Structure formats: structure tokens, C-alpha cells
Asks: 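Below you'll find the structure I mean.
Please read these numbers as outputs of a predicted model, since none were measured by experiment. Read the numbers this way: they start at 1 and go in the same order the structure lists the ligands and their atoms.
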Amino acid sequence: MKTAVVGSGAWGTALAIHLCRNGHDVTMWTFETELIEGMVKDRKNPRLPNAVLPEELKISGDYSCVAGCSLVVMASPSFPIRSVCRGVAPYLSEDAVMVSVTKGLEQGTQKRMSQVVAEETRRPVVVLTGPSHAEEVALNIPTGLLAACEDKALAEFVQDVFMSDSLRVYTSPDPVGAELGAALKNVIALCAGVTDGLGCGDNTKAMLMTRGLTEIARLGCSLGAHKETFAGLSGVGDLIVTCTSMHSRNRRAGILIGQGKPVQQAMQEVGAVVEGYYAAKSAWELGQKQGIDMPITEATYRVLYENADVKDGFYALLTRQRKAEPEDAGWL
Ligand SMILES: NC(=O)c1ccc[n+]([C@@H]2O[C@H](COP(=O)([O-])OP(=O)(O)OC[C@H]3O[C@@H](n4cnc5c(N)ncnc54)[C@H](O)[C@@H]3O)[C@@H](O)[C@H]2O)c1
């Protein structure tokens, strides 16, 4: 099948390699046109240095490369997603199916990525997400993903395209939950990194991950997500992989901040897009709008955007008013 992957960061590159392995005709669009010559010649992308680009993978800096494609994967970071969608929209086939793999919320509108892709392209969108480091997918290391769409046939179409012996794709009817889990776990991972940087332990991280998932689910359900989605691949699964691995740039940025580095310097040192930084603001705004209590997100937001002291912020989290778990717990 003729496909395009729009975005040549680590994730777009890994998915393009995977689609080639599955026998598809793939073109990868890149924003970094200055890298095209080197990528074509050396079959390497500096954004994903551990991977070899298959000979058959085509690389283009021209939006028109999506023309005639039945499936178009949108793999840019969240901040330029709307402009990239506008770029490809005029060239899309009438029957193109869009696959949204970006993890984030639009700044200012707090829209989910699939909403932005649908608005700009006027095509059906399937969300493909889950616990997946690009470095591992590129090497064909066994991985599980979720293809989420309200239209079951479309979710199954995307499942068929990506499924392989090493990549299991599950379908889901809940794109809202899938995308919110994916976007908001980056905030929790950043905060988990901060606690690592502060010298806390595994207990701390387990508490943060569990309570973080609780607040993600609380916000998600207020926006129509299914609670069970957060117990699946795009919820607890993605949270585990992001909070515990050094592959996670969100966690790495958090560690540097916890060690005392200024926020912008930490982001620069990571050297790749830190979606949790942007998501912290959008999630905090969304929580305010929905009237949802999101203490971990709020503490992270204040450190990232209001220059709050990291230790004070963490201490304030620990010494909040006492709670029950679950909050509506009842005793006989
Ligand atoms: N890396 C992973 O393992 C992984 C896994 C799953 C999902 N994701 C998600 O995929 C998305 C992309 O992440 P990544 O890891 O591929 O990013 P990356 O940091 O590896 O690369 C960023 C890419 O953004 C491009 N870019 C920069 N400015 C741009 C602009 N103005 N317009 C268009 N493109 C621009 C750069 O050229 C580069 O290719 C993120 O939302 C991320 O959360 C990443």
C-alpha cells in the first residue's frame, strides 16, 4: 500500500522503517530538508542514530509526497502539527486515512491531536499510541500499540497495516482516552524525573505514577473517555515505559530540573522535543476548565512556567490534605 509518514523525528523514522518491513511503499516527509542528502546516502537519520533506513524508504521535503497515499501517518511534534496538516491537506487523496501518532495537546486550544488533524485535513483519523520507544521499534523489539477510533472498521484497517510478529496492535473505540493518556503521562514522567533528580526512590516514583494516573483518568473521564482505557496500553502501559526508562526525554528533562538545572537549559540538554513541557500547561488549563483537581500536573506546571522552587513544590504535594483512595471510598 502507498503510505507516507509526515515527520522524520525519532518516532516518524521508526514507524517508516516498520511500515517498510511490513512491505508497504513508504515515503517519509522531513522538515529538515538539509538532512535529506545525508539520509539518502548514508541510510542513517541523526534523530534515530541506532537505526538503518531501508533502501526502499523514500525521503522527501515536499508536502506533495502524500499524493496518492491510502494511509498518511502524522508524526510531527505537537507544536507545529496544525501547520504541517495545512501543508499536506491539498495533496491528500479523497480516501486517505490519517493516523495520528503525536503525543500532546494543542497549545492555547487544548485540542487533542486527532481533532486538529481532522479539522485541517477533513479525513478520518485513527489514533495510534501506546508504550513505544522509537529506538526499540526501529530494532523490531516486541511492542504493543493501540489503534483507537470510534469507527471499528478504520481501527481494524490500521491494526492490519501495522501488525507484525513483533508489533501487536490492539483496537480501541476510545480515541479520547487513548490520546489523553498519551499526552498527559509525559507530564507525570517529567515529574517522576524531578523526583529522581532530587534523590528520591522507587517508592516515590510508584506513588507518583499511580496517583498521576488517577488524575489523568479523572480529567479524561470528565471529557468523555472510558475509565478502562487508562488501565490499558495507552494509560498505565505508556506511563510505566515513560517514567522508568532513560529513553524518555521527558524523564531525562525532569532529572536535570530536579538536579537544579534551569528549565530551558534542561530542555536544551535533552536535545529532542520534550512534549511534557507543553502538555503540562495545556493539561493544567484543561483541568481548570473542567474543574478537575490535578495536583501533580499543577505542581509540575508551577515549576516549569512559574519558576516555583522544585523542593518546595514537591514538599507541598506530599503535605496536601489527607485523602482516601479511591476518593469516594466507603466503609460499611
Ligand atoms: N520518540 C519516541 O519514542 C516517540 C514514541 C511515540 C510517540 N512519540 C511522539 O511523536 C512525536 C514526535 O516525536 P519525535 O520523538 O519523533 O521527535 P524528535 O525530537 O525526534 O524530532 C522532532 C522533529 O520535529 C521536527 N520539527 C521541528 N520543528 C518543526 C516544525 N516547525 N515543523 C515541522 N517539524 C518540525 C524536526 O525536524 C524533527 O524531525 C511527539 O509528539 C512524541 O511525543 C515519540
Side-chain angles (χ1 to χ4, degrees), residues 5-18 28-36 38-39 44-51 53 59-63 73-88 99-107 111-114 116-117 120 127-139 141 143-148 162 167 169 178-190 233-234 237-242 245-253 267-280 282-283:
V5 176
V6 180
S8 69
W11 192 219
T13 305
L15 290 175
I17 293 170
H18 179 74
M28 180 169 75
W29 173 87
T30 182
F31 176 73
E32 292 166 301
T33 46
E34 69 281 8
L35 296 181
I36 295 179
M39 286 198 274
K44 287 270 180 191
N45 179 352
R47 294 273 175 191
L48 192 61
N50 73 333
L53 305 179
I59 302 165
S60 169
D62 196 330
Y63 283 133
V73 181
M74 298 305 298
S76 82
S78 60
F79 72 87
I81 191 82
R82 194 176 282 279
S83 66
V84 176
C85 285
R86 283 186 185 153
V88 297
V99 179
S100 175
V101 301
T102 304
K103 294 180 177 176
L105 296 168
E106 189 177 45
Q107 290 165 69
K111 286 183 179 168
R112 290 176 288 108
M113 294 292 105
S114 67
V116 177
V117 176
E120 294 298 335
V127 173
L128 185 69
T129 191
S132 48
H133 294 310
E135 294 83 350
E136 296 188 3
V137 169
L139 297 182
I141 289 173
T143 299
L145 291 178
L146 197 66
F162 283 89
L167 187 68
V169 182
E179 281 189 299
L180 288 173
L184 303 189
K185 57 88 194 178
N186 284 333
V187 182
I188 308 301
L190 210 151
L233 287 166
S234 67
D238 211 352
L239 197 64
I240 291 170
V241 88
T242 316
S245 169
M246 281 309 275
H247 282 312
S248 166
R249 46 301 271 278
N250 294 286
R251 179 174 172 229
R252 291 205 311 271
M267 306 251 294
Q268 264 169 17
E269 272 188 39
V270 169
V273 63
V274 180
E275 288 282 14
Y277 173 78
Y278 305 104
S282 300

Asks: Pick one of side chain, backbone, both or neither for how F31 approaches ligand 1, counting any non-hydrogen atom pair under 4.0 Å.
Replies: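 Within the 4.0 Å criterion, F31 contacts ligand 1 through side-chain atoms alone.
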
Asks: Just by distance, with hydrogens left out, do E136 and T143 show a side-chain donor and acceptor under 3.5 Å apart?
Replies: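 No, no side-chain donor-acceptor pair sits under 3.5 Å.
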
Asks: Which atoms from ligand 1 have a heavy atom of T102 less than 4.0 Å away?
Replies: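 Matching atoms, with element in brackets: 41 (O).
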
Asks: Give the ring-plane orientation class for Y278 versus F79, where under 30° counts as parallel, over 60° as perpendicular and anything between as tilted.
Replies: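 Tilted, since the angle between the ring planes falls between 30° and 60°.
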
Asks: For S8, counting its heavy atoms only, list the atoms of ligand 1 lying under 4.0 Å from any of them.
Replies: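 With S8 as reference, the close atoms of ligand 1 come out as 39 (O).
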
Asks: Among all residues two or more places apart in sequence or in another chain, which pass the ring-ring contact (aromatic ring centres under 6.0 Å, His included) test with H133?
Replies: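 With neighbours one apart ignored, the set is H247.
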
Asks: Check for me whether A75 has a heavy atom closer than 4.0 Å to any atom of ligand 1.
Replies: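 Contact check A75 vs ligand 1: positive.
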
Asks: Side chain or backbone of R249 under 4.0 Å from ligand 1, or both, or neither, by non-hydrogen atoms?
Replies: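 The side chain, only.
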
Asks: For E106, check salt bridge (Lys or Arg N to Asp or Glu O under 4.0 Å) against everything at least two apart and list the hits.
Replies: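 Listed in chain order: R82.
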
Asks: Determine whether the side chain, the backbone, both or neither of A10 has a heavy atom under 4.0 Å from any heavy atom of ligand 1.
Replies: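 Both the backbone and the side chain of A10 come within reach of ligand 1.
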
Asks: What do we get for V84 next to ligand 1 when only non-hydrogen atoms under 4.0 Å count, side chain, backbone, both or neither?
Replies: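 For V84, the contact with ligand 1 is made by the side chain alone.
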
Asks: Are G7 and ligand 1 in contact, using a heavy-atom cut-off of under 4.0 Å?
Replies: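 No; G7 lies far enough from ligand 1 that no heavy-atom distance drops under 4.0 Å.
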
Asks: Whether the side chain of R86 engages the backbone of E120 through a donor-acceptor N/O pair (distance < 3.5 Å, no angle test) should be reported.
Replies: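 Between the backbone of E120 and the side chain of R86 there is no qualifying donor-acceptor contact (under 3.5 Å).
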
Asks: Short list, please: which atoms of ligand 1 are under 4.0 Å from a heavy atom of A134?
Replies: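 Those atoms are 1 (N), 2 (C), 3 (O).
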
